Number of protein chains: 2
Amino acid sequence: MHPRAGQTKKRTRIQAKNEAKILEAALDIFATFGFRGTTIDQIAQKAEMSKPNLLYYFRRKEDIYISVLERTLDEWLTPLTELDPDGDPIEEIGKYTSLKLKMSQNDPTASRLFANEILHGAPMIEHVLKGSLKNLVDEKAAVIHHWVKAGKLTKVDPYHLIFMIWATTQHYADFKIQMRAILGDDVDQPDYYEKAGQTISTVFFEGIKPR
Amino acid sequence: MHPRAGQTKKRTRIQAKNEAKILEAALDIFATFGFRGTTIDQIAQKAEMSKPNLLYYFRRKEDIYISVLERTLDEWLTPLTELDPDGDPIEEIGKYTSLKLKMSQNDPTASRLFANEILHGAPMIEHVLKGSLKNLVDEKAAVIHHWVKAGKLTKVDPYHLIFMIWATTQHYADFKIQMRAILGDDVDQPDYYEKAGQTISTVFFEGIKPR
DNA sequence: CGTTAATTTGACCAAATGGTCAGAAATTTA
DNA sequence: TAAATTTCTGACCATTTGGTCAAATTAACG
């Protein structure tokens, strides 16, 4: 029987293994070439199986894509959920920024996957953006707003601050090729990200205006 | 005779008009769907001409794409060239940031076009990135380095500072759909960008740590 | 006006690609 | 081991799409 036919049916060992293999391969390919730029054959080749066999597990290309997006999304949102309202504002934002930067360093494909999707109008995950993402951001923006009101942060708009953090950190995943063109292979060494983190921290906390 | 056959040949009135029409249409489509996601038919339709007629002016899809990239690139690099070594550092960086943000507001397609190209590995413009872009950035990074040495800026790495400015400002073009999902239609109003500019300025100049 | 050159189009082709299907091979289960 | 079920594959199909071409139409020019 087809593995997707019944959702309640128990998953086979082979099924679990192959689905994982496909999704892992697909993440890489989709992140590099986007949805339309990716062919099923590419994924199949990377997952070391024939195209019809891959289509035995996922009926349509779109199904693979959505699965990959969903699977990556949780991991992607987690850091923001950990922003603690009761913690020290500077420390909390520092931790969050640093964590996001680390994710750009260690798993740039996830960032690129979303960048692609959003650039193309987010046709597949618009409802997620307007749903759980919006809710989460609204919640954390309120936390930051509270910190500002309490005088624990300079007066800034919480939403734009969050956007700035996303922008600066994800830039290190999405635009790494541009950085490599400018700085050469230094960008592949760990101390590159250390320097990035230092600069980001300094600018975010102190600003560039000397005192 | 084919218009592309002889480069030195004078361009017809019709030729100039249609080429411009094509490139304008192509910018929009390529920025939205990327290179592979774009079909010649889409561009032809938007430019209000038949596909074979479009191919009369540009032999291959790639030719259109490269033309669009080249045409947009100059405009894209101009602001950085205007960073004046003899000006006041804070003022110069402020002007640059504000100009880039305005460009994201008024011509987001250009930003998205490059974001797409770079995300996909910059296959068409790698040589430009390693050439004129690298040179320009090296030059301006030296200027910033000088400012830092002179104590006119907080101690930050010039390259990472430039990357931060790119990231934050271009984010408002590339990720506008995500912002709209979170903030609604406010993002289409002018005071949205004003608020963005204020927040960016505050963070960049003062930092978020209250004093 | 009439000739020449530029422009436009419909019809068409070949390759790429998403997806199907009948049946072979392998695995599980009784 | 034998039947039942799952997994896998080669061959195949339909559509999309980049690109060609001969011929028709229009514009330019002497």
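In this text, all values refer to a predicted model and were calculated from it rather than measured experimentally. Lettering of chains follows the sequences in order, A, B, ..., and the numbering in each one begins at 1.
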Legend entry - Contacting residues from residues 22-38 of chain B, given that a heavy atom lies under 4.0 angstrom of DNA chain C: B/Arg36
How long is the line joining [atom1] of [X] and [atom2] of [N], in whole Å?
{"X": "B/Phe58", "N": "D/dT20", "atom1": "CZ", "atom2": "P", "value": "15 Å"}
{"X": "A/Met49", "N": "C/dA25", "atom1": "CE", "atom2": "P", "value": "20 Å"}
{"X": "B/Gln45", "N": "D/dT16", "atom1": "CD", "atom2": "C1'", "value": "15 Å"}
{"X": "B/Arg60", "N": "C/dA15", "atom1": "CZ", "atom2": "P", "value": "17 Å"}
{"X": "A/Glu48", "N": "D/dT7", "atom1": "CD", "atom2": "P", "value": "19 Å"}
{"X": "B/Lys17", "N": "C/dA6", "atom1": "NZ", "atom2": "P", "value": "17 Å"}
{"X": "B/Ile40", "N": "D/dG19", "atom1": "CD1", "atom2": "P", "value": "5 Å"}
{"X": "B/Glu19", "N": "C/dA6", "atom1": "CD", "atom2": "P", "value": "14 Å"}

Legend entry - Given DNA chain C, 5'-ward residue of the pair A/Thr39 and A/Ile14, judged by closest heavy atom: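 Nearest-nucleotide comparison on DNA chain C picks A/Thr39.
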Hey, does the side chain of [X] come within less than 4.0 Å of [N]'s phosphate (OP1/OP2), counting only N and O?
{"X": "A/Ser50", "N": "D/dC8", "result": "no"}
{"X": "B/Asn53", "N": "C/dT7", "result": "no"}
{"X": "A/Asn18", "N": "D/dC8", "result": "yes"}
{"X": "A/Tyr56", "N": "D/dT7", "result": "yes"}
{"X": "A/Gln15", "N": "D/dT6", "result": "no"}
{"X": "B/Tyr57", "N": "C/dT8", "result": "yes"}

Inset, instruction - May I have the step-by-step check of salt bridge (Lys or Arg N to Asp or Glu O under 4.0 Å) for A/Arg180 and A/Asp188, ending in yes or no? - result: CA-CA 8 Å; A/Arg180 187 180 290 115; A/Asp188 296 308; 2.9 Å; yes
Are side-chain N/O atoms of [X] and [Y] paired as donor and acceptor at under 3.5 Å?
{"X": "B/Asp174", "Y": "B/Ser111", "result": "yes"}
{"X": "A/Tyr65", "Y": "A/Glu117", "result": "yes"}
{"X": "B/Tyr57", "Y": "B/Asn18", "result": "yes"}
{"X": "B/Asp138", "Y": "B/Tyr159", "result": "yes"}

Legend entry - A/Phe175 and A/His171 aromatic ring geometry - parallel, tilted or perpendicular at 30°/60° bounds: parallel
Legend entry - Aromatic ring pairing B/Phe163/A/Tyr172, orientation class (parallel under 30°, perpendicular over 60°, tilted between): perpendicular
Inset, instruction - Please determine, for the side chain of B/Arg13, which listed nucleotide (C/dG18, D/dA28, C/dT20) has the closest atom? - result: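 Nearest to the side chain of B/Arg13 among the choices is D/dA28.
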Legend entry - Salt bridge flag under 4.0 Å for residues B/Lys21 and B/Glu24: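 Salt bridge flag = no for B/Glu24 with B/Lys21.
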Inset, instruction - With heavy atoms under 4.0 Å as the rule, sort A/Leu55 into base, sugar-phosphate or nothing. - result: base
Inset, instruction - Check if the side chain of A/Lys51 and the base of C/dG18 share a donor-acceptor pair of N or O atoms closer than 3.5 Å. - result: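 Side chain to base: pair found, below 3.5 Å.
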